[in-house]
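For ligands, and for the atoms within them, numbers begin at 1 and follow the listed sequence.
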Amino acid sequence: METVPTTEVVFDADYAMTIGGIVTETFAHIPVIDPANKQVFANAPDCTTEQLNAAVAAAAVAFPVWSVTPYAERQALLTRMAQTLEAHITGLSELLTAEQGKTLRDATVEIGTAAYWLRETAKLIIPETINDSSDGHRSVTRHLPLGVIAAIVPWNFPVLLAVFKISSALLAGNTVVLKPSPLTPLTTLKIGELMQQVLPAGVLNVISGGDGLGPQMTAHPGFAKISFTGSTATGRKIMQGVAPQLKHLTLELGGNDAAIVMPDVAIETVAKCIFWASFANSGQICLAAKRIYIHEAIYDAMRDELVRYASTVKVGIGTDPATQLGPIQNEAQYERVIDLIRDCRDNGYQFALGGMPDDTAGYFVPLTIIDNPPADSRIVREEQFGPVLPLIKFKDIEDAIKQANDSEYALGATVWSGDADAAARIASRLQAGSVWVNEAMALSPLIPFAGHKQSGLGCEAGLAGLLEYTALQTIGVRADAATWFGIAGL
Ligand code: NAD
């Protein structure tokens, strides 16, 4: 029976980075704000250039041993990481709610899902492919770890999105320097400390800092790969940043996912599904449904049911057990969402629900539904990443498919219908990395997901996601050089 560390971390202590297995403090700090009341409640370390160099060096020192640690041992350590998260789920969830704003229930689900993700990812096996095994010759392709990985994470799911990266990177034999968003660094820093009870020193380093730290990491010559989740605008900068050194790159970027609702759906059921596909985490999900195309035959009924259901959902402080959706996580995102609501108001679009906020104690935005705005409106064209949802009426499915595909983004999409086969045929014509029928955001550690167009490069999760943290090597062995015929008949 494995022993699981159960020493409870002290969550009101100062927050520190973990570099080479050592708890590392800084002189300078960045303030961390509770989005439910806009108050600074903690300070996180502001990593110096020397400390970044130390973290990369520690990961580089750990790499040669970690990369040849037996695969089964790395699998077992991922499982122990999962157990460690579970052993500390209460304190970690409370901290996540305080810094991110999501409800305590959702924070607990996030930590629990991160543990599940580690455990399931550990079951993946990296294959070796035998290309040729004829008399006197064999060719084998295998997948080698890359080295030190920079993992850069946004603020909407700070823990789960970090675990997407570190689970695959570590299992494949890489070492990691993980940087959470400056807006939500605390839970990740605590997890960095906790994981030192499980992992060898230097295998997982966690640093935090202000806006300058990400670009410094991108440019740092010690990283073999940058694995980034965040906005498309930052993704472009990162691609430029890594170009001089030709680093490996995974980019999981923004989305503007379309949902198509066919006339044969059960309205009450599907309205509830659409609501949660769009408004979960207060709309701050890359794969949330962000524009809903509804057939004209049911448009009014679906809109009214969505409004009715949304009116029953309580928005409030994450620690209140009655709350179902929390505030927007930060001021910049709040301003962006408000700007989109203002644009709808100023252009005279119809509000089926919500509007400008009146509670300004925290970054709270009323659940807002815009009734059939024009196709070229900002709320349809842009990624809102907040609780403001445009509903668009369609008559002809060909037109709905065309509109759904008319976006620079192509992350996810959904189709809702009583006829799953017909919906699957529509799904196959939608331009997106993940398309779901009668379900949404059905992510799994065993299923890869990827963004097309401006939504990303590469993928995460599943075997394909695991292999993103490896470089392919083919070894050809000929028993006797005398049988080699050379190139082009030489
Ligand atoms: P962001 O791009 O502002 O920041 C993400 C991370 O990158 C943060 O850690 C930030 O400090 C860092 N960063 C900022 N500038 C950098 C630079 N020049 N070089 C290196 N790092 C830099 O994104 P955000 O506002 O934190 O997150 C919201 C965005 O993330 C949305 O667009 C959302 O769709 C996207 N997102 C995508 C996925 C996905 O899997 N495709 C998942 C979640 C969120």
Could you check Asn53, Thr49, Thr48 and say which one makes a side chain to side chain donor-acceptor pair (under 3.5 Å) with Gln216?
->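 For Gln216, the side chain to side chain donor-acceptor pair (under 3.5 Å) check succeeds only for Thr49.
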Can you tell me if NZ on Lys453 sees more than 12 non-hydrogen neighbours from other groups inside 6.0 Å?
->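 Yes - once you tally the heavy atoms of other residues, nucleotides and ligands closer than 6.0 Å, there are more than 12.
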Counting heavy atoms not belonging to Arg342, are there more than 12 under 6.0 Å from its CZ?
->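 More than 12 heavy atoms, drawn from other residues, nucleotides or ligands, come within 6.0 Å of this atom.
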Hey, can you pull the donor-acceptor pairs under 3.5 Å for the side chains in residues 36-44, sequence neighbours left out?
from  : atom 1 : to     : atom 2 : distance (Å)
Asn37 : OD1    : Gln39  : N      : 2.9
Lys38 : NZ     : Thr360 : O      : 2.9
Gln39 : NE2    : Asn37  : O      : 3.3

Would you check ligand 1 and list the protein residues that come within less than 4.0 Å of it by any heavy atom, ordered by chain and number?
->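 Those residues closer than 4.0 Å to ligand 1 by some heavy atom are Ile152, Val153, Pro154, Trp155, Asn156, Leu161, Lys179, Pro180, Ser181, Pro182, Gly214, Pro215, Thr218, Phe228, Thr229, Gly230, Ser231, Thr234, Lys237, Ile238, Glu252, Leu253, Gly254, Gly255, Cys286, Glu383, Phe385, Leu411, Phe449.
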Please list, chain by chain and in numerical order, all residues satisfying ring-ring contact (aromatic ring centres under 6.0 Å, His included) with Trp117, sequence neighbours excluded.
->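 Phe164.
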Which pairs count as side-chain hydrogen bond (donor to acceptor under 3.5 Å, both in side chains) when at least one residue sits in residues 161-185, sequence neighbours excluded?
->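 Output for this query lists Lys165-Ser227, Lys165-Thr229, Lys165-Glu460.
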